[in-house]
Amino acid sequence: MTVSTPVAILSSESAVVSTGMGSMDDLQREVRYLRFSRDLTREFVQSSGGMKKVMSAVFAKVLTTMDAEAGSLWITDAATKTNICHQAEGPAKAKILGLRLPLGQGIVGQVIAKNTMDVVLDCAKDARFSADVDQKSHFKTESMICIPLADKGVAFGALQIINKRSGIQKQFTEDDLRLVEDLALSAAIAVRNARQQQLESDNRTEQVSAMQREVQYFRFARDLTREFVQSSGGLKQVMTEIFAKVLSTMNAEAGSLWLTDERSGTNICHQAEGPAKGRILGLRLPLGQGIVGQVISSNKADVVLNCALDSRFDAQVDKRSNFKTESMICVPLSEQGSAFGAIQIINKHSGYQKRFTEEDQRLAEDLALSASVAVRNARLLESESRVKEMNTLMELSRQISASVDMDEVLLLAVTLSGELAEISHAAIALVDETSNALFLAMLSGGVKVDASVSWQSALLALLEQVRQAKRLSYIPDLMALREQQGKETPWTEFLAQRGSVAAWSMPLADTEGILGVLWLESDRKHFASGTKSDMISILATQITVALRNASLFKRIPFSSVMSRLGDSGKKWAVGWRKRVALLLAGTAIATGLHHLPIFRSVSGDCVVDSRFGQGVYLRVAGRIQKTLVKEGDQVQAGDVLAKIDEMPIRLRLVEAETKLALLDRQIIEAKAASDASALSRALIDRLAAKAAWEQAKLDMEQVEIRAPLSGVILTARTEELVGRELGLGNEILRIANPDNFTVVIQLPEEDVSDVRSGQSVHGVLKSRPGQGFRGEVLHVGRAYTVPTEALEKGVTDKTQAEGFIAEVRVLEKDVPLLPGMTGRASISTPEVSVMTRFWRRVVNLWSFWIARS
C-alpha cells in the first residue's frame, strides 16, 4: 500500500486523545520533536567532521529516535547514470554500502526521478520494489519512508528509513515523517556544501598540480639551457647527457640529432640514443627524405602519432636499424630563420595512448633552441680553431722556408711540429745521396743521434718501411690496432716500448724524389685525426721544399756566389766643347723650369678622415655574438649592426618566469591558509620578480644593435668585437656623416712654408684609379697622436708629433668617399717653382755637411 501524504498514515494513537492529558502529551511530543530537530541541525552545522562522519552520527540518532531498523543515503551519479548508496546504517550496512542501481529503478529511483516523498507500508506488495537489493543484502525490507534530496528544485538523491519496529502495527507516525523531512533538508544542504567544497578542493588541487607541472617544466628548461651554456665539454658530450635527461623526462624510447651537409646534399645523424644507436649513428638521408627531411625543409616542428600511416615516413631507416618507430616529435634546428638540422624524440612509453603531449613538444622545442645555439657555437669555435691553426701553419712555414741551412731546417722541423699537434717525440730521417740509404738526421728534445741505440735502430727500420710504401702511415690508437690484428707487430712493439699510443709518419717527397721521412708520435689517441692530419701534411710539404732548397744551396760552389761585376763601362771622356754645350743646355732647362707656370705644386700621400661622428652604445650588457657591418659600409638608420648573445638574457627570463610561478603558488597557499604575513611577503617578492622579468624581457628586445642614423661605419676591424664582454653604455661602433669628410695630406717639412689656406688641391684615390676629388686647403700644421699607453692609463701630455699635414675641404668628388681611403694629392703653389724647392734642398744638404764637419 502506498500513502501519498503523511496525514493518511497517522497512527490510531492520534484518534484516542483525551481532552486534558492529550493536549499535554501533544505539547510534550512537539517539544521533543523541536528539540531533536534543533539538535539535528546543529549536528550538520557545527560538526567539523566530513559528510560521512556526520551522516553516520545523525543516522544513528534518527533510527534510535524513530525506532527504525535501517537507513540509507543515495546520491545520483550522472556520469554512470546510476544511484549510489553513499551511507547506510543497519544489519545489512556492509552489503548495501556502495550499491549501484540504474536511474529510475526501485522505489528510491522513482522518488529521485519524480522528486516526491513516498511512504510504503508493505514493500513486498509494491510493484516498484526491487527484491534484488534484499537478495544481495540478505535483508528483508518491510516498510519505508523515502524522501528526495533536492537543490533548486532538482532531486540529486534520496533518504530511506526502513522497517519501523514499534508503535501501532509498526507504522511510521507523523512525527517520523516530519523528522525525516528535516533530516532530508539538512542532508541536502550538507551534500550540496560537501560537493561545493569538494569541487573547490579539486579545482585548487588541479591548479596546484598544473602550477607544479609548469614549475617543473620551467626548471627543466632552465637546467637544459644551463647545461649548454655552462658545459665545458664538446657538443657530443653535452648532447649525450641532455638526451638522456630529456628521454627520461618524456619517458621516450629513443632520440637523434640530424645536421645538414650541403656539400653532399644529405642529412647526417650526428647523435643518437636508444636501442638502435649503433646502427643509426652516421646514417645519411637525401635532403627532404623522410619526416626529418621534411621538417628541416619546411623549418616547422611536427608531431606524428602513427609513423606507419604517415606517407613521409621512410621505412628503410627502421629496416636498417632493426627498430620500430611508432610515434615521434621532430623539431628543426634553425638559425636566422633557416633550418640546418633537426631533433627527433621517438616512441612515448606512457600517458594516454602513449601520445606525446603539448608539454613534450615544448620541451623538445626548448631542447632544439639550446642545441641550435650549441651547434652554432661549436661551428664557430671550430672555424676559429681552424683559422688559428692556419695562422700557426703559415708562421711555421715562413720560419722553415726562410732558412737555407740544412741543420737549421731539420731543427725547426722537429721543434715546430709540436705547435700544430700534441706530440711527445719527433724525428727526421734523410736519404744519403751517395748510398741511397736512410739515416736519422735529427731527433726532438735535443736527443743525440746514435746508431748504436736500439730504439733508434728500430725507429729507422719503421721509417724505411714508410719510405718503401711511399705513402702516409697513421696509427691513431695503439690498443685498437692490437685488438684488430690480434698479434704484436714491429709498430706496436715500438710504440709500447716508447710509452706512446699513436704515431704519424710521411715521406718527404717532391717531383725529384724522396728526400727523407718525417716521424711524429704522441701519448694522446687520434692526435692527428681530421683537419690535424691535413695541417701536418701541409707542414711536411713545406719542410720538403725547405730541405730541397737547403740541399741545392749546399751544392753551389762558393766562387759562384760572387757574380762578376763586368766591365766598368766606357770611360766618360769628352772634349771641352761638349762640356760647355752640356752646361748651357742644363742652364736653359733650369731657367725654363723656374719661370714656366708648370711644376708649381707640392704633393704627398693623403687619407680620407672624418672629424665628426656619432657613437653607437650598448643598451644592455653582454657578449657580442655577431657583427654585420665592416669599416666603410654604408648603413641606414635602423639597420642591424651587431647582435648580443641572447642566451644569458633568456636564462634570466626563464628564471624570472619560474620564480613568478613559485611565488604565485605561495600566494595561493597563503590565501588558503589565511596567513597574512606569508601573503604579504609573497606579494612583495612577486613585485621584485615581476620587475626582474620585465627587465629581462626588455633586454631581450635590445639584443639587436641598430644604427641611430644613416652614414658610414668608421670603426675598424669590427670582426674583432665578436666574443667580447661589454658593459651597459659602452660604445661599440662609430658612424659618420659622409658629407663631413675631410682629406689629410702628409707634407714634406721642406715644403710646409709653401702651402697656405685657400690653395687648390687635386687628388686621386688608390681604390678608384683615375678618379678622385678637388678641394681647397683649410689648415696647415703639425699632426699629433696619443700613444695607447696614455689612452689606457689616462696620462696627460703624452701626445707625440708625427710630421706636418694639410687639411683639405672637399668641394667636388668623382666617387663617394669612405673613411680610410688613401691616395695621392697635389697642392697648387703658384708662387714657388720646382727649381726653388730643388735649390732649397741642395742648400739644406750643404749646410748639414758643413755643420757636421
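For the single chain, residues carry numbers from 1 onward in sequence order. Scope of the values below: all heavy atoms of this structure, side chains included, with no hydrogens, waters or symmetry mates.
I346 places a side-chain heavy atom less than 4.5 Å from the side chain of F323. Annotation: side chain of L103 is in contact with side chain of N83 (closest heavy-atom distance under 4.5 Å). Looking at M117 and V111, their side chains never come closer than 4.5 Å, going by heavy atoms from C-beta outward. L149 is not listed as a side-chain neighbour of W74, based on a closest heavy-atom distance of 4.5 Å or more. Using a 4.5 Å cut-off on side-chain heavy atoms (C-beta onward), D77 and R100 make contact. Between I667 and L679 there is a side-chain heavy-atom pair separated by less than 4.5 Å. Under the 4.5 Å side-chain criterion, counting only non-hydrogen atoms from C-beta, E69 is in contact with F139. In this structure the side chain of I161 never reaches within 4.5 angstrom of the side chain of L159, judged on heavy atoms.
Within the 3.5 Å criterion, the main-chain N or O of S327 finds a donor-acceptor partner in the side chain of N347. Here the side chain of T116 pairs a donor or acceptor atom with the backbone of K114 at under 3.5 angstrom. The closest donor-acceptor contact from the side chain of D699 to the backbone of V620 lies at 3.5 Å or more, if one exists at all.
Atoms CG and CD1, on L177 and I145 in that order, are 4.5 Å from each other to the nearest 0.5 Å. Atom CD1 of I329 and atom CG of L305 lie 9.5 Å apart (nearest 0.5 Å). The line from CD1 of I684 to CG of L663 is 11.5 Å long, rounded to the nearest 0.5 Å. Interatomic distance, NZ of K690 versus CG of L683, reported as 13.5 Å (0.5 Å rounding). Atom CD1 of I649 is separated from atom CG of L698 by 10.0 Å, given to the nearest 0.5 angstrom. Atoms CD and CD1, from Q344 and I280 in turn, are 6.5 Å apart once rounded to the nearest 0.5 Å.
The two atoms that bring A254 and G274 nearest to each other are CB-CA, 4.0 Å, heavy atoms only. Across all non-hydrogen atoms, the minimal contact from G290 to D314 is CA-CB, 4.2 Å. Nearest approach of L333 to A342, heavy atoms of both residues: CG-N, 3.8 Å. Taking all atoms of both residues into account, the shortest heavy-atom contact from F129 to C123 is CB-O, 3.2 Å. For the residue pair C330 and V292, the shortest heavy atom distance occurs at SG-CA, 3.9 Å. Nearest approach of I96 to A88, heavy atoms of both residues: CG2-CB, 3.4 Å.
Applying the salt bridge (charged side-chain N to carboxylate O under 4.0 Å, His left out) test to pairs two or more places apart or on separate chains, those with a residue in residues 295-305 are D302-R312. Identified under the salt bridge (charged side-chain N to carboxylate O under 4.0 Å, His left out) test for residues 140-169, with sequence neighbours left out: D67-R165, D151-R192, K164-D176.
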query: Can you check side-chain contact (heavy atoms from CB on, under 4.5 Å) on D118 and Q110, steps first, answer last?
result: CA-CA 9 Å; D118 211 346; Q110 289 294 311; over 6 Å; no
